[in-house]
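Given the structure is predicted, the values throughout are model-derived calculations rather than measurements.
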Amino acid sequence: MKNSQNVGEYIADHDGYYEDEGFTKVDLIAGPTAVEQSAATGHATVAGSTALGTANAIDSEGMPIKIIGAIYAVNAFTILSMEGPNAIRTPADLEGARIAVTPGTAQSMVEGLARANDIDPSTITFVPAGETAVLTTGEVDGFHGLTANQLIDLERAGHDVVSLQLSDHGMPFAGASYAVSQESLEENRDYLKKFLVASIRGWRAAIADPAYGADLATDVYGVDLGLDPEKELLQAEAQISFIENDYTNPDELFRLTDEAMDANVESLRLAGINVTKDELFDMSLLDEVYEENPELKEPITAKDAS
């Protein structure tokens, strides 16, 4: 969906950063669902994936893909619950709870969260997720969602919500990430580095001026979706803490630290996905990008939005 989650790429495209790097055309495609397969088969040069999605494709299908950078250094997934006696304030409160999840990888996240905190996942009742109304009406105790999405919606609707962030409780795997095929990584390094340079510039601008990126989402790239301008701005602002944090090297967007990659692998193991750090990540392109473009490491200020 072309909303504020992708504002860095919108700015890089709209303001000519991709063009500056020699790209005559950049297609920002919404979907398909099997984004990892699109990268592995060459139908997409870069797939917008997550550490979980890429690791699952590697582990279960042997796809030759790797993450070359993480926009969200940590994921924004959370367990939402309503304030009150059944609120899920700590992982211990998951025991015996009814949790709404999207079947598949979302459920594996919650099971991993339970295991990371010595809770037996079999004690949790999983309910197929739909709208957040199942939470507000009391049909479930918790709802697996996103801090920069469903939490915003619920709070804007006036609900008093408790948020249990997965990344704060043993599941700090990376969120929105760039995945590419192993073949592309080996044969198109300069091409991919140029893509990363332009995208970093775009995301630096998005962090410096969230309102600008939100306006592009609402008025240009997602104009046919009828997006809510206020919601898009709130999302653009909320996601910054998942982009810039202790899981990246200082002032190096997308570049996970070695410790962060180790933590990713462990949290994925708890979710039932077994990959090694070297199978999942290759940060060598970003190492070269930042060595060759030291200006991209300068502290982000409002001037970067110009």
Side-chain angles (χ1 to χ4, degrees), residues 1-10 30-31 33 48 50 52-53 71-72 74-90 93-94 97-107 109-110 113 124-169 171 173 175-176 206-207 209-243 245:
M1 182 175 178
K2 291 188 175 181
N3 59 16
S4 287
Q5 183 177 333
N6 308 295
V7 290
E9 289 82 12
Y10 300 158
T33 303
T50 64
L52 184 72
I71 304 167
Y72 282 19
V74 292
N75 68 84
F77 291 110
T78 185
I79 304 297
L80 302 172
S81 58
M82 305 302 292
E83 181 60 70
N86 293 325
I88 300 173
R89 305 180 189 281
T90 71
D93 296 326
L94 290 169
R98 299 162 299 166
I99 307 296
V101 299
T102 302
T105 55
Q107 180 170 326
M109 290 184 212
V110 182
L113 174 65
I124 302 171
T125 299
F126 291 103
V127 179
E131 300 297 323
T132 53
V134 297
L135 177 63
T136 58
T137 58
E139 295 177 51
V140 296
D141 303 304
F143 187 97
H144 176 267
L146 290 165
T147 301
N149 190 352
Q150 288 89 354
L151 176 59
I152 292 173
D153 290 337
L154 288 166
E155 289 181 337
R156 290 182 68 206
H159 297 290
D160 194 358
V161 184
V162 174
S163 176
L164 182 71
Q165 196 71 41
L166 268 65
S167 61
D168 291 338
H169 297 280
M171 296 296 286
F173 58 87
I207 292 169
D209 188 359
Y212 178 49
D215 286 345
L216 286 178
T218 303
D219 301 332
V220 181
Y221 292 89
V223 66
D224 295 333
L225 301 177
L227 299 173
D228 181 331
E230 181 182 352
K231 163 70 179 296
E232 295 308 306
L233 176 57
L234 290 171
Q235 181 172 341
E237 294 171 337
Q239 66 189 358
I240 292 174
S241 65
F242 299 100
I243 299 168
N245 49 59

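- Note that OG1 of T78 is 8.5 Å distant from CG of D168, once rounded to the nearest 0.5 Å.
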message = As a quick check of understanding, evaluate side chain to side chain contact (heavy atoms under 4.5 Å, CB included) for L135 and H159, giving each step before the final call.
response = CA-CA 11 Å; L135 177 63; H159 297 290; over 6 Å; no

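- Looking at heavy atoms from C-beta onward, T50 lies out of side-chain contact with T105 at the 4.5 angstrom threshold.
- Residue pairs meeting the salt bridge (charged side-chain N to carboxylate O under 4.0 Å, His left out) criterion with at least one member in residues 76-90, sequence neighbours excluded, are E83-R89.
- A pairwise comparison of heavy atoms in A211 and L233 identifies CA-CD1, 3.6 Å as the closest pair.
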task = Determine, step by step, whether N149 and N3 satisfy the side chain to side chain contact (heavy atoms under 4.5 Å, CB included) criterion, reporting the C-alpha distance in whole Å, the side-chain angles of both residues, the deciding distance to 0.1 Å, and the verdict.
result = CA-CA 11 Å; N149 190 352; N3 59 16; 5.7 Å; no

inquiry  = Evaluate L146 against F77 for side chain to side chain contact (heavy atoms under 4.5 Å, CB included), listing each step before the verdict.
reply    = CA-CA 5 Å; L146 290 165; F77 291 110; 3.5 Å; yes

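- Here the side chains of I243 and Y72 are in contact, with some heavy-atom distance below 4.5 Å.
- How far OG1 of T136 is from CD of E131: 10.0 Å, rounded to the nearest 0.5 Å.
- Minimum heavy-atom separation, A214 to V7: N-CG1, 4.0 Å.
- The two residues Q5 and A176 come nearest to each other via the heavy atoms NE2-CB, 4.0 Å.
- Residues S4 and Q239 bring no donor and acceptor atom of their side chains to less than 3.5 Å of each other.
- Contact record, I207 with P210: O-CD, 3.6 Å, taken as the closest heavy-atom pair.
- Here the straight-line distance linking atom CD of Q165 with atom CG of L113 works out to 10.5 Å at 0.5 Å rounding.
- Atom CG of L225 and atom OG1 of T218 lie 9.5 Å apart (nearest 0.5 Å).
- Sorted by first and then second residue, the salt bridge (charged side-chain N to carboxylate O under 4.0 Å, His left out) pairs involving residues 97-107 (not counting sequence neighbours) are R98-D141.
- Between V127 and E139 there is no side-chain heavy-atom pair separated by less than 4.5 Å.
- You'll find the side chain of H144 stays beyond 4.5 Å of the side chain of F126, heavy atoms only.
- Considering only heavy atoms from C-beta on, T147 comes within 4.5 Å of F242 through its side chain.
- Here the side chains of I88 and L94 are in contact, with some heavy-atom distance below 4.5 Å.
- Taken from CG in N6 to CD1 in I71, the straight-line distance is 7.0 Å, to the nearest 0.5 Å.
- The CD atom of E232 sits 4.5 Å away from atom CG of L227, with the distance rounded to the nearest 0.5 Å.
- Heavy atoms only, all atoms of each residue included: A97 and D93 are closest at CB-O, 3.7 Å.
- When side chains are defined from C-beta on, L52 does not count as touching N75, because their heavy atoms never get closer than 4.5 Å.
- Put simply, the side chain of I79 reaches to within 4.5 Å of the side chain of V110, judged on heavy atoms.
- Sorted by first and then second residue, the salt bridge (charged side-chain N to carboxylate O under 4.0 Å, His left out) pairs with a member in residues 144-161 read D153-K231, R156-D228, R156-E230; sequence neighbours excluded.
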